[in-house]
S.K.: 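I have a structure here, written as structure tokens, and I will follow up with some questions on it.
Hydrogens, waters and symmetry mates play no part in the numbers below; they use all other heavy atoms, side chains included. All ligand and atom numbering here is 1-based and tracks the order in the structure.
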Amino acid sequence: MMSDIRACIFDLDGVVVDTAKYHYLAWKRLASELGFEFHIEDNERLKGISRLESLNILLEIGGLSLNIQEKERFAKLKNDWYLDYINKMKSDEILPGVKEFIEELKNDGIKIGLGSASKNAVFILNQLGIIHLFETIVDGNRVSKAKPDPEIFLLAAKDLKVEPSQSIVFEDAEAGVEAAIRGGFKCVGIGEQAILHKANVVLPNFKGMTMTKFLNMIN
Ligand code: BG6
Ligand code: MG
């Protein structure tokens, strides 16, 4: 699998940085403000998809319907709370092993891209001091179709001048794995096999990951 690989495209939230917990806390606070409970079991449905789509699912869970102005107001409120967490984030919240792994891939001449639904991606990468690792950044500000549509990853591959079949996508969300597979990419799921079973390979995390170990796992 790796011999013809020219690029690796990383999702951000839950793959490079531990922000998934902050998204969850901010949505939970919004649900409570709106008068209902939001449980961790339902959080998986919100991973990988856009802010507004996440809000729609949250409202469906709470049995509420709002007009677009109200939705925009609540999406902004959630994002303000989320940014309060993100502003305090330090580089120790980069997920273990991922930075070193990306550096090793780069040294080996593999192109590196970011493919994230988040509109806060550039801010987060700057905050963590790792923006220089990425040759291209495709985020929620650059696409009109959210995961599971492959648009994000296809744009990243185009920027990196590689074919999807020559690229590996790293994803922690079901919608993201689906997007990668639909786009013709190889996909490594980061998390649980039961959730990410459509990926070619699933790893629990990047702890202690090296190129050699990775090659052994995927070939
Ligand atoms: C994805 C997250 O990376 O970005 C989703 O997995 C989130 O949970 C989405 O809703 C949009 O992020 P943001 O930062 O633009 O609200
Ligand atoms: Mg993610």
S.K.: Between side-chain atoms of residues 98-106 and protein atoms elsewhere (two or more places apart, or another chain), which donor-acceptor pairs fall under 3.5 Å?
M.R.:
| residue | atom | partner | partner atom | Å |
| --- | --- | --- | --- | --- |
| Glu104 | OE1 | Met211 | N | 3.1 |
| Glu104 | OE2 | Met211 | N | 3.4 |
| Lys106 | NZ | Leu133 | O | 3.0 |

S.K.: Using a 4.0 Å cut-off to any heavy atom of Ser54, which atoms of ligand 1 qualify?
M.R.: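 Those qualifying, in numeric order: 10 (O).
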S.K.: Which of the atoms in ligand 1, numbered in the order shown and given with their element, are less than 4.0 Å from a heavy-atom of Arg51?
M.R.: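 Within the 4.0 Å cut-off of Arg51, ligand 1 contributes 11 (C), 13 (P), 15 (O), 16 (O).
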S.K.: Would you compute the distance between atom CZ of Phe123 and atom CG of Leu128 and round it to the nearest 0.5 angstrom?
M.R.: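 Here the rounded value is 9.5 Å.
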S.K.: Among His23, Lys119, Glu53, which residue places a heavy atom closest to atom 15 (O) of ligand 1?
M.R.: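 It is Lys119 that holds the nearest heavy atom.
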S.K.: Could you list which atoms of ligand 1 come closer than 4.0 Å to a heavy atom of Ile49?
M.R.: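 Per the distance check, 5 (C), 7 (C), 9 (C), 10 (O), 11 (C).
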S.K.: Looking at ligand 1, would Gly140 count as a contact under a 4.0 Å heavy-atom criterion?
M.R.: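 False for this residue.
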S.K.: With a cut-off of 2.8 Å, which protein N/O/S atoms are close to the Mg ion (ligand 2), if we only count those under it?
M.R.: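 Near the Mg ion (ligand 2), below 2.8 Å, one finds Asp11 OD2, Asp13 O, Asp172 OD1.
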S.K.: Is the closest heavy-atom distance from Leu46 to ligand 1 below 4.0 Å?
M.R.: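 The answer is yes, since Leu46 has a heavy atom less than 4.0 Å from ligand 1.
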S.K.: Is a side-chain donor-acceptor pair under 3.5 Å present for His23 with Lys47?
M.R.: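 No donor-acceptor contact under 3.5 Å links the two side chains.
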S.K.: Are the aromatic rings of Phe153 and Phe170 close, with centres under 6.0 Å apart?
M.R.: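 No, the ring centres sit 6.0 Å or more apart.
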S.K.: Using a 4.0 Å cutoff against the non-hydrogen atoms of Gly48, which atoms of ligand 1 qualify?
M.R.: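 In order of numbering, the contacting atoms are 2 (C), 5 (C), 6 (O).
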S.K.: Check Glu93 with Lys21, please: is the shortest side-chain N to carboxylate O separation under 4.0 Å?
M.R.: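 So Lys21 pairs with Glu93 through a salt bridge.
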S.K.: Can Asp84 and Arg29 be counted as an ion pair, charged N to O under 4.0 angstrom?
M.R.: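 Judged by the 4.0 Å cut-off on N to carboxylate O distance, Asp84 and Arg29 do not form a salt bridge.
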S.K.: Going by heavy atoms, is Ala173 under 4.0 Å from ligand 1?
M.R.: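 No; Ala173 lies far enough from ligand 1 that no heavy-atom distance drops under 4.0 Å.
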